[in-house]
Number of protein chains: 2
Amino acid sequence: MTDPSPAAGKPIRTAIADEDGIDFAIIELFFFAYRDFTSDPDQILAEYGFGRAHHRVLHFVNRRPGLTVAELLDVLKITKQSLARVLKQLIDTDHIVQVQGPRDRRQRELYPTAKGRALALALARPQSRRIRAALEDSGATERATIERFLEAMVNPELRAQIDIVPAQTSGKNHGDH
Amino acid sequence: MTDPSPAAGKPIRTAIADEDGIDFAIIELFFFAYRDFTSDPDQILAEYGFGRAHHRVLHFVNRRPGLTVAELLDVLKITKQSLARVLKQLIDTDHIVQVQGPRDRRQRELYPTAKGRALALALARPQSRRIRAALEDSGATERATIERFLEAMVNPELRAQIDIVPAQTSGKNHGDH
DNA sequence: GAAATTACGTCAATAGTACTGACATAATTC
DNA sequence: GAATTATGTCAGTACTATTGACGTAATTTC
């Protein structure tokens, strides 16, 4: 009963390895790294009754204040219905406000409130600490390498989403106003 | 109605930025990278009616053939009940077999079948391709830097999980207890 | 000015992954 | 024999996500 049924395939007892030309080492590291990376804010979010979805919305609204619902959907790659509940909760709890679009009054521009800004920072803080520690461990000069690697991991056609970020150390961006 | 209610906080119109001492650049890159990294296998999994959870189980059973249910739970950081359904499906579809533990017959050692090995490879292939391309983009010599960075992103007390990776071919360093 | 399109919101139903708590069984250990 | 351990399973719940349908208001098109 606990042994494989007669029809079932035989157990393979050798470990899959990088020999197969596949980079299991980094695949696995990426899994572990992301697992622990998200565990930090998850704990804070739980106190608010929020989940990871709230974090993502909060993050991008703070990064790109004034983005519309449609733009947010495009960045998150989720559906309108999935966003609806999460966004409503963030608005109801006064973390995000909607402002009627100036050009097109059908649009709702999304902005963080002071409360929403504060929460976004609180969530990012432990993640940033973890990154800083990891950068130090791996030699502080290697930041550019890691940034380039992560960017290269994103689908080329979606890399535009990254460049829309607000002004930062890197030069390229549009004049946000 | 679409405007902020009187009681609500005022919209903040400036973007949050790295000035706040927080590394939003890498936080965001990590999100995008992981989003697209998981999208590759997700498409294959959908054909089987499987989800991301199946992938993770399949991955680790292939990486560490013979691991027990308890060990798997510890690596994945999920509960027994969450694993149950996923593992059952993988066993029912003949991707994984259970073998009674040799020393302790209560234990079920988990092994991939040929079918399970093939699927694990198929799922890892596009991910590995993406990693290879990203490594090339960021300069092939930088692999060690990125590996160290990702490892440093994992909680120190959980880093042991990474070292349990299989012996490449044989001769494993099984630091038993 | 009427019609079509767009942006957004909402309702209903469903799925996948996770959770807690409780209980059962078999094997091992004390 | 009793306690503990490894595993399996049941019931109930939560969160995030899905598709499809429909409504409303604003803009665009003809």
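The chains referred to below are lettered A, B, ... by the order of the sequence lines, with proteins before strands, and numbering in each begins at 1. Values below: all heavy atoms of this structure, side chains included; hydrogens, waters and symmetry mates excluded.
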Of all the nucleotides listed ([options]), which has the minimum atom distance to the side chain of [X]?
{"X": "B:Arg56", "options": "C:dG9, C:dT17, C:dT10", "answer": "C:dT17"}
{"X": "A:Lys80", "options": "C:dT17, D:dA17, C:dT10", "answer": "C:dT10"}
{"X": "A:Gln81", "options": "D:dA6, C:dC11, C:dT20", "answer": "C:dC11"}
{"X": "A:Ala53", "options": "C:dC8, D:dG8, D:dT16", "answer": "D:dT16"}
{"X": "B:Gln107", "options": "C:dA18, D:dA6, C:dC8", "answer": "D:dA6"}
{"X": "A:Arg106", "options": "D:dT16, D:dT7, C:dT6", "answer": "C:dT6"}

> If you find the nucleotide of DNA chain D closest to B:Ala70 and the one closest to A:Arg103, which residue's nucleotide is nearer the 5' end?
Replying inline: B:Ala70
> Which comes earlier along DNA chain D counting from the 5' end, the contact point of A:Pro102 or that of B:Thr68, where each point is its nearest nucleotide?
Replying inline: B:Thr68
So, is [X] near the phosphate of [N], with a side-chain N or O under 4.0 Å from OP1 or OP2?
{"X": "A:Gln98", "N": "C:dG9", "result": "yes"}
{"X": "B:Arg105", "N": "C:dT28", "result": "yes"}
{"X": "B:Arg108", "N": "D:dG8", "result": "yes"}
{"X": "A:Arg52", "N": "D:dA17", "result": "no"}
{"X": "B:Thr79", "N": "C:dC19", "result": "yes"}

> How long is the gap from CD1 on B:Ile26 to CG on A:Leu150, to the nearest 0.5 Å?
Replying inline: 6.5 Å
Rounded to whole angstrom units, what separation is found between the [atom1] atom of [X] and the [atom2] atom of [N]?
{"X": "A:His54", "N": "D:dT16", "atom1": "NE2", "atom2": "C1'", "answer": "10 Å"}
{"X": "B:Leu90", "N": "C:dT17", "atom1": "CG", "atom2": "C1'", "answer": "14 Å"}
{"X": "B:Leu83", "N": "D:dC10", "atom1": "CG", "atom2": "C1'", "answer": "16 Å"}
{"X": "B:Tyr48", "N": "C:dA15", "atom1": "OH", "atom2": "P", "answer": "22 Å"}
{"X": "B:Leu87", "N": "C:dT17", "atom1": "CG", "atom2": "C1'", "answer": "15 Å"}
{"X": "A:Glu109", "N": "C:dA7", "atom1": "CD", "atom2": "P", "answer": "14 Å"}
{"X": "B:Lys88", "N": "C:dT17", "atom1": "NZ", "atom2": "P", "answer": "16 Å"}

>> With heavy-atom distances below 4.5 Å as the criterion, would you say the side chains of A:Phe50 and A:His95 are in contact?
In response: yes
> Taking atom types as modelled, is there a side-chain donor on A:Arg130 or B:Asn155 under 3.5 Å from an acceptor on the other?
Replying inline: yes
>> Counting the atoms with a prime plus P, OP1 and OP2 as sugar-phosphate, which does A:Arg85 contact under 4.0 Å by heavy atoms, base, sugar-phosphate, or nothing?
In response: base
>> Determine whether B:Ile22 and B:Ile27 satisfy the following criterion, side-chain contact (heavy atoms from CB on, under 4.5 Å), listing intermediate values before the conclusion.
In response: CA-CA 9 Å; B:Ile22 293 186; B:Ile27 289 175; 4.2 Å; yes
>> Evaluate B:Arg13 against A:Tyr111 for side-chain contact (heavy atoms from CB on, under 4.5 Å), listing each step before the verdict.
In response: CA-CA 7 Å; B:Arg13 291 174 179 274; A:Tyr111 294 92; 2.9 Å; yes
